[in-house]
Amino acid sequence: MNDTTTTGAALRLIEFCASTPPIPQSIIDRAKVCLLDALGCGLFGSQQDAGRIMSHNVLADRSQGECTLFGSDVTVAPAQAALANGTTVHAFEIDDLLSAAMIHPGTVIVPAALAAAEHVDASAETLLRGIVIGYEAIARLGLALGTEPSHRGFHKTSVAGPVAAAIAAGAVMGLSRDALVSAVGLACSTASGIKSYAGGSGGAMVKGIHGGRSAESGVRMAMLAQDGFNAPRAAIDGRYGLLEVFSGKSAQPAQLWSGLGERWAIDETWIKVFPVCGWIQGLMQLVLDLRGPVPIPLDRVRKVTVGTSAFAVKNNANPLPADSGEAQYSIPYCAAVALESDPKDPAQFERAAFTDAARLAFAQRVEVTVDDASEAVFPRQFGTKVRIRLDDGEVREASTYDPHGTPADPCTYREVVDKLTRLAAFAPVGDAAAIVRLVENIDASTRTRALSSLLRARRS
């Protein structure tokens with residue numbers, strides 16, 4: 001067989017991931033933070049409609065295995081667990097981001113690595129390494145794909161996700177270099193996911209499936225490759241490969257390998273503060289700062305103008321959300337939430353809130369425009385400018401390029417723990433503090449299954 005990848009950029013990335021590279025302790029510590037954040041999102045999401053429906057569907061398969069479903073007391077096969085848990089992490093718009101890559105990593109990588117680790121009874125240290133490797137792969141794939149897929153309406157998380165999930169799962173399972181090449185080749189053929197949820201016709205629940213199906217595909221393809229199922233060896237950067245098909249001439253394959261091992265993508269993760277789209281985090285922060293500790297009644301506000309990237313104007317300016325997901329994606333609606341309530345409260349995105357007549361009327365008065373400075377830094381930074389004019393003529397203005405939670409202004413560890421504690425309280429699991437203690441104290445003797453047992457529903 002002619003191996004067209006022997007000098008390719010993709011093979012360099014795969015070989016790096018298969019080689020058990022040395023990972024600094026600071027990066028392992030960052031993986032613990034990302035793990036805690038994803039677990040909080042997943043436990044909360046398991047109680048949302050998307051999480052409940054997907055878990056019910058997975059349980060109906062009656063698969064057998066040792067893998068945990070968040071918030072359930074039943075274990076299932078690895079791919080099914082990855083599908084359900086990936087969906088729950090992304091079921092509510094509060095999971096992490098890699099902004100330059102325009103990717104949600106945690107919803108894909110953590111469920112895939114966790115399912116693989118439970119399947120082979122790997123150590124928790126191996127799980128953490130798999131998470132680091134997976135974040136590295138998904139970030140580099142996202143950068144190599146560039147912005148073209150997003151502009152065409154693909155959701156890059158579910159384009160790059162299956163491939164990175166296969167790499168993460170394969171690393172946890174200890175796949176050989178050749179088997180990992182096959183897993184990647186198989187996963188490339190499962191890349192998909194269109195952003196119809198941003199088209200204004202409702203149905204935003206589908207977005208959670210993008211994380212779940214990516215995690216599921218990665219685990220299943222790694223298991224197939226381990227059993228000898230082969231695949232095209234140039235499926236990322238060869239003819240008709242992932243980069244060519246989704247990005248064409250705008251692809252940047254050098255992003256797959258440049259600086260490997262010198263810097264780590266997981267260190268660039270953005271932990272979300274508010275349960276809204278990443279492009280809207282800055283808006284929420286700015287409005288909160290401008291209004292102060294006391295909410296401003298909407299009838300006191302004459303006009304709000306939001307300046308942001310052209311991409312956000314195109315995808316996030318709908319003032320009339322049809323469901324919870326669209327509400328979390330709507331700049332005009334989120335402006336109303338931030339002015340008059342607690343924007344960290346998930347209840348602000350339930351039907352009773354996003355159908356409120358006063359909020360919807362106000363949202364239609366919010367002007368969303370392209371800000372040249374924000375456009376210039378997108379997608380490396382998510383710039384936002386806000387101008388609020390009150391009924392007494394007072395004007396309040398502010399701007400940011402690096403909202404809180406981004407690498408430039410990161411959440412503290414305490415904030416991440418508090419977020420996990422707040423979100424986990426919605427699920428029927430034990431003490432969130434026990435999850436935190438176990439993750440904090442992971443060492444060579446800690447098994448992944450000890451962690452996963454804390455993520456299951458308490459038996460009565």
Side-chain angles (χ1 to χ4, degrees), residues 93-94 198 200 202 204 272-378 381-406 409:
E93 197 71 35
I94 198 168
K272 280 188 179 181
V273 175
F274 307 102
V276 299
C277 176
W279 325 139
I280 309 179
Q281 298 286 312
L283 167 71
M284 302 300 239
Q285 176 183 318
L286 293 175
V287 173
L288 277 179
D289 290 344
L290 290 172
R291 81 170 207 199
V294 180
I296 299 177
L298 297 183
D299 59 8
R300 279 211 58 213
V301 182
R302 289 291 170 261
K303 187 172 184 179
V304 174
T305 303
V306 180
T308 185
S309 68
F311 189 87
V313 173
K314 177 182 177 182
N315 292 283
N316 299 88
N318 174 22
L320 300 173
D323 57 28
S324 176
E326 285 192 2
Q328 294 172 288
Y329 234 61
S330 168
I331 289 173
Y333 175 77
C334 288
V337 171
L339 280 165
E340 70 167 3
S341 65
D342 176 7
K344 292 183 181 180
D345 179 9
Q348 300 305 317
F349 302 92
E350 295 177 354
R351 178 163 296 277
F354 70 73
T355 58
D356 178 76
R359 282 190 178 179
L360 293 180
F362 175 85
Q364 293 178 78
R365 304 199 309 271
V366 176
E367 182 181 11
V368 186
T369 65
V370 177
D371 171 63
D372 290 341
S374 297
E375 178 67 11
V377 300
F378 180 84
Q381 295 169 287
F382 291 177
T384 308
K385 293 185 177 180
V386 177
R387 187 174 190 269
I388 301 172
R389 183 164 67 87
L390 301 176
D391 57 358
D392 60 1
E394 180 186 1
V395 174
R396 303 179 185 181
E397 297 180 272
S399 63
T400 183
Y401 294 103
D402 299 297
H404 188 48
T406 61
D409 183 18

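Nothing fancy with the numbering, it's 1 onward along the sequence.
You'll find the side chain of Arg359 stays beyond 4.5 Å of the side chain of Phe354, heavy atoms only. For the pair Thr355 and Pro321, the minimum side-chain heavy-atom distance is 4.5 Å or more. Two residues are said to be in side-chain contact when any heavy atoms from C-beta on lie closer than 4.5 Å; Pro319 and Val366 fail this criterion. At a threshold of 4.5 Å between non-hydrogen side-chain atoms, the residues Met284 and Val273 do not count as touching. Residues Pro332 and Gln364 have side chains not in contact (no heavy-atom distance under 4.5 Å, counting atoms from C-beta outward). Looking only at side-chain heavy atoms (C-beta outward), Leu283 and Cys334 come within less than 4.5 Å of each other. The side-chain heavy atoms of Arg300 and Asp392, taken from C-beta on, include a pair separated by under 4.5 Å.
In terms of heavy-atom proximity, Pro295 sits nearest to Ser341 at CB-N, 4.4 Å. Listed here is the closest heavy atom pair of Leu298 and Glu340: CG-OE1, 3.5 Å. The two residues Ala338 and Leu288 make their nearest non-hydrogen contact at O-CD2, 4.0 Å. Annotation for Phe349 and Pro275: closest pair CE1-CG, 3.7 Å, computed over non-hydrogen atoms. Counting all heavy atoms, side chain and backbone alike, Ala373 lies closest to Tyr401 at CB-OH, 3.0 Å. The minimum heavy-atom distance linking Val313 with Thr308 is given by the pair CG2-CG2, 3.9 Å.
With hydrogens and angles ignored, the 3.5 Å screen pairs a side-chain donor or acceptor of Gln281 with a backbone N or O of Val276. Listed for the Gln348 side chain is no donor-acceptor partner under 3.5 Å among the backbone atoms of Asp342. Glu350 places no side-chain N or O within 3.5 Å of a backbone atom of Pro346 that could act as its donor or acceptor partner. Checked by atom type and distance alone, the side chain of Arg396 never pairs as donor or acceptor with a backbone atom of Leu390 at under 3.5 Å. Judged by distance alone, with hydrogens and angles left aside, the side-chain atoms of Asp323 form a donor-acceptor pair with the main-chain N or O of Ala204 at under 3.5 Å.
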Arg389 vs Thr305, side-chain contact (heavy atoms from CB on, under 4.5 Å): CA-CA, chis, key distance, verdict
CA-CA 9 Å; Arg389 183 164 67 87; Thr305 303; over 6 Å; no
Between Val304 and Phe362, does a side-chain contact (heavy atoms from CB on, under 4.5 Å) hold up when you go through it step by step?
CA-CA 9 Å; Val304 174; Phe362 175 85; 3.7 Å; yes
Working note: Gln285 + Phe274, criterion side-chain contact (heavy atoms from CB on, under 4.5 Å); need CA distance, chi angles, decisive distance, verdict.
CA-CA 9 Å; Gln285 176 183 318; Phe274 307 102; 4.2 Å; yes
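In this structure, Phe311 and Phe378 have parallel ring planes: the angle between them is below the 30° cut-off, well short of the 60° mark.
The salt bridge (charged side-chain N to carboxylate O under 4.0 Å, His left out) search around Glu367 returns Lys303, not counting sequence neighbours. The salt bridge (charged side-chain N to carboxylate O under 4.0 Å, His left out) test applied to Glu375 returns no partner, not counting sequence neighbours.
The ring pair (Phe, Tyr, Trp, His ring centres under 6.0 Å) pairs that include a residue from residues 287-307 number zero, where partners must be two or more places apart or lie in different chains.
Expressed to the nearest 0.5 Å, how far CG of Leu286 lies from NZ of Lys385 amounts to 11.0 Å. The CG atom of Asn316 sits 11.0 Å away from atom CD of Glu326, with the distance rounded to the nearest 0.5 Å. Atom-to-atom distance recorded for Arg291:CZ and Leu339:CG is 7.5 Å, nearest 0.5 angstrom. Taken from NE2 in His404 to CG in Asp409, the straight-line distance is 5.5 Å, to the nearest 0.5 Å. Taking CD from Gln381 and OG from Ser374, the interatomic distance works out to 9.5 Å, rounded to the nearest 0.5 Å. To the nearest 0.5 Å, atoms CD1 (Ile94) and NZ (Lys344) are separated by 9.5 Å.
Residue Ile388 forms a side chain to side chain contact (heavy atoms under 4.5 Å, CB included) with just one option from Val306, Ile296, Leu290, and that option is Leu290.
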